[in-house]
Participant: 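Following this message is one structure expressed as structure tokens.
Only a predicted model underlies this, so the values are computations on that prediction, with no experimental measurement involved.
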There are 4 protein chains.
Amino acid sequence: MSVTPLRGGPAREAELLGVVLDVLRETGYDRLTIEAVAARAKAGKHTVYRRWPSKAELVVAAFVNAVSDRPVVPDTGELRGDLLALMESLVGELARLGDVIAGLVGEILHNADLARAVQQNYIAGRRRLTLEVFERAWARGELSRSADTDLLWQVGPAVLFFRALVSGEPVDHELARRLVDHIVLPIALGRR
Amino acid sequence: MSVTPLRGGPAREAELLGVVLDVLRETGYDRLTIEAVAARAKAGKHTVYRRWPSKAELVVAAFVNAVSDRPVVPDTGELRGDLLALMESLVGELARLGDVIAGLVGEILHNADLARAVQQNYIAGRRRLTLEVFERAWARGELSRSADTDLLWQVGPAVLFFRALVSGEPVDHELARRLVDHIVLPIALGRR
Amino acid sequence: MSVTPLRGGPAREAELLGVVLDVLRETGYDRLTIEAVAARAKAGKHTVYRRWPSKAELVVAAFVNAVSDRPVVPDTGELRGDLLALMESLVGELARLGDVIAGLVGEILHNADLARAVQQNYIAGRRRLTLEVFERAWARGELSRSADTDLLWQVGPAVLFFRALVSGEPVDHELARRLVDHIVLPIALGRR
Amino acid sequence: MSVTPLRGGPAREAELLGVVLDVLRETGYDRLTIEAVAARAKAGKHTVYRRWPSKAELVVAAFVNAVSDRPVVPDTGELRGDLLALMESLVGELARLGDVIAGLVGEILHNADLARAVQQNYIAGRRRLTLEVFERAWARGELSRSADTDLLWQVGPAVLFFRALVSGEPVDHELARRLVDHIVLPIALGRR
DNA sequence: TCATAAGCGAGACGGTACGTCGTGTCTTACG
DNA sequence: CGTAAGACACGACGTACCGTCTCGCTTATGA
């Protein structure tokens with residue numbers, strides 16, 4: 001007379017996506033195998049295919065699931081503090097999800113659905129967050145009227161991505177600080 | 001008095017790498033198949049494997065081959081012109097090789113050899129080129145003494161990559177100009 | 001209340017083995033290819049390899065399957081009739097399975113498992129059958145007490161094999177009759 | 001006007017054929033590889049292919065070469081002695097060339113050239129030898145007028161082949177003696 | 001005496017088959 | 001019913017041989 005919950009249901013789903021992240025970290029996107037994911041999760045392949053029809057969608061789901069707990073907009077009362085907080089959260093995110101993002105990059109150009117998913121579930125959020133920070137600075141009178149914020153917002157993320165995924169240089173607190181103090185903040189404030 | 005190539009040797013090699021670029025553009029890294037490359041080049045699989053032991057090394061070779069004709073250092077006599085020329089050459093490169101680079105990104109984190117190859121054959125060259133531009137500007141007295149050139153050089157490439165590979169926004173002349181005029185040049189000159 | 005076969009299981013198996021016989025007849029053992037068998041049966045290679053791990057075992061299985069419906073012991077009430085019946089069944093078997101047996105011969109010396117399989121699944125049965133015929137003849141008082149039946153039983157099969165597989169001479173009813181009347185029967189009866 | 005010997009010519013040829021026998025003995029016909037033969041003989045593949053255009057012809061050549069020193073017709077003055085000598089030489093031959101013959105058997109049915117080569121270079125010789133023995137016995141008055149010599153001559157070889165190549169039973173002096181004393185000689189002499 | 005041609009070892013080449021593994025679909029048996 | 005398990009047709013993996021083909025190198029005259 002007990003209610004039978006849909007066996008595992010959403011919990012099982014999260015479990016599977018967690019396994020996807022693990023496998024991605026260990027082997028990379030190209031060598032990730034749906035069979036391996038199912039095996040490690042002690043699931044049948046059908047249970048995976050029923051939910052996500054392809055490797056790309058599976059990995060996107062894992063990615064979206066992992067970034068869905070969006071960081072709260074920081075509000076330190078000062079542009080520099082807000083920017084540093086944003087950069088720090090990105091640094092942490094890259095440490096956790098660098099592999100996932102790297103794998104997705106290879107697909108984005110050949111998969112419009114994936115491109116849209118990343119754009120809407122990830123980029124847009126980051127952009128929004130940073131623009132809010134700029135808006136608050138504008139309201140406080142900190143922001144230079146000439147700052148190209150639509151370009152400026154992505155300088156920080158872009159450099160972090162570039163170093164993490166392409167050039168292989170370290171991505172850490174010190175880098176975040178240099179980016180803010182030597183590039184983003186001077187441009188935003190309109191002075192060097 | 002003609003040089004006798006070792007039975008098609010280097011010529012065949014370039015031919016194969018050209019096919020790799022074609023296939024990459026059409027299908028992306030993940031779905032690139034050595035069998036498909038061999039078939040399209042009317043080569044036996046062994047002919048491919050003899051030269052490049054894995055898909056990753058094959059694609060790296062295609063990439064290195066495609067970028068090996070390095071752009072000459074531009075010298076317009078003015079920092080802005082030099083930076084614009086650098087950005088323009090990058091824009092063109094991304095149009096030609098965006099897919100290849102995207103594919104490589106997914107592997108870099110899991111393949112130290114590949115990371116090194118990209119670093120040495122690509123990143124280092126771009127970095128050198130840009131730093132030379134900064135040095136000439138310094139010699140001309142254009143460059144601010146406080147500019148963090150070691151970070152600054154990669155702002156342009158990073159944003160271009162970010163937009164081309166991740167956010168999917170357009171990468172064109174206008175973007176190159178905005179990057180130079182709104183971000184890189186102000187920081188380099190030390191004024192807004 | 002019907003027996004549910006395991007998804008095509010045994011039926012598919014017999015189908016595959018039939019294809020093996022066809023291919024053997026057309027091309028011979030050396031040129032038989034597992035890929036060709038799978039293709040002709042519209043099966044994946046895995047479906048073949050799952051059941052038989054090597055070409056030799058596959059061919060043995062096809063052979064055993066083809067001879068598994070053992071001929072009934074003939075009982076004509078007279079030694080000559082029994083022997084003729086045995087020879088005739090052999091003649092037919094050689095017509096059907098000569099190629100298969102020929103292929104196996106090349107492997108028997110280098111494959112103990114195969115040797116045992118042929119010995120137990122084929123030779124032993126033929127031997128048993130013939131010795132029963134001799135026993136009945138003995139019971140009837142037809143058989144010479146000095147007949148070396150352990151050697152004699154294989155004279156017929158040996159000559160048929162020799163002609164079918166080695167010397168290429170015809171193997172037919174007339175040969176069977178000559179073998180019985182000129183060799184085996186005289187020795188068995190103890191008179192010429 | 002001397003004939004130019006093809007460098008190393010016949011000697012190298014015999015050497016290669018010797019290697020073929022070795023490889024056959026070790027691996028069997030099906031797994032014999034022209035590449036392996038060439039490698040072991042430190043020869044280029046071309047050197048092998050120049051002389052023998054296929055595996056079957058190569059092996060036939062090795063076989064013919066190995067049996068080309070035909071045994072002299074024994075003449076012990078008595079049918080039993082002659083037959084024993086013939087059988088003994090066959091027993092030895094099977095020990096040396098069983099593998100080669102086994103391999104050939106698998107091809108004979110699908111290769112008319114091979115069939116003819118074996119027939120002419122091997123079977124015919126054996127047959128001739130044995131019939132001569134029977135003729136001498138006839139001349140001496142030993143042979144029954146009713147003996148079917150055309151069939152009888154191959155009883156011995158057939159049983160030896162059958163046991164060596166198919167049933168795997170031992171082939172030795174004792175077997176040779178039993179064959180002569182219990183089968184061939186009684187039939188030949190027309191008494192039991 | 002020397003080029004010169006042939007045989008040679010070596011091995012690259014375009015292919016085919018190997019035996020393994022992953023794909024995405026489907027079926028079975030269980031709880 | 002949703003699931004774990006895994007068979008299935010398919011096709012790519014990376015390796016090994018196929019039979020053809022060029023390479024240089026030797027070697028042995030016959031110009």
Participant: Just so I know, are the side chains of C:Arg31 and D:His110 near enough to count as touching, which here means a heavy-atom distance under 4.5 Å?
Facilitator: yes
Participant: With a 4.0 Å cutoff (strictly under), does any side-chain N or O of A:Arg31 reach OP1 or OP2 of F:dC13?
Facilitator: no
Participant: Heavy atoms only: give me the nearest B:Ala36-B:Thr33 pair and the separation to one decimal.
Facilitator: N-CG2, 2.8 Å
Participant: Determine the minimum heavy-atom distance between A:Glu107 and A:Ala56, stating which atoms define it.
Facilitator: OE1-CB, 4.3 Å
Participant: Would you mind reading off the distance between A:Glu57 atom CD and E:dT23 atom C1', rounded to a whole angstrom?
Facilitator: 15 Å
Participant: Atom CG of D:Asp30 to atom P of F:dC17: distance rounded to whole Å?
Facilitator: 12 Å
Participant: Should the pair B:Arg40-B:Glu15 be classified as a salt bridge under the 4.0 Å nitrogen-to-oxygen rule?
Facilitator: no
Participant: Test your reading of the model: is there a side-chain donor-acceptor pair from B:Thr27 to the backbone of B:Val23, 3.5 Å cut-off?
Facilitator: yes
Participant: Answer yes or no: is there a donor N or O on one side and an acceptor on the other, between the side chain of D:Lys55 and the main chain of D:Asp30, under 3.5 Å?
Facilitator: yes
Participant: Only stems of 3 or more consecutive Watson-Crick or G-U pairs count here, both distances under 3.5 Å; name the ones for DNA chain F, or none.
Facilitator: E:1-31 with F:1-31
Participant: Let me know the distance between CG of D:Leu16 and C1' of E:dG7, rounded to the nearest Å.
Facilitator: 13 Å
Participant: Please assess D:Trp52 against D:Leu16 for the test side chain to side chain contact (heavy atoms under 4.5 Å, CB included), listing each intermediate value before the final yes or no.
Facilitator: CA-CA 11 Å; D:Trp52 306 283; D:Leu16 291 172; 3.9 Å; yes
Participant: Heavy atoms under 4.0 Å is the rule here; annotate nucleotides 14-20 of chain E 5' to 3' with B where the base is hit, S where only the sugar-phosphate is, and - elsewhere.
Facilitator: BB-BBBB
Participant: For D:Val166 and C:Ile108, which heavy atoms make the closest approach, and how far apart are they?
Facilitator: O-CD1, 3.8 Å
Participant: Could you give the CZ-to-P distance, from D:Arg40 to E:dG9, as a whole number of Å?
Facilitator: 16 Å
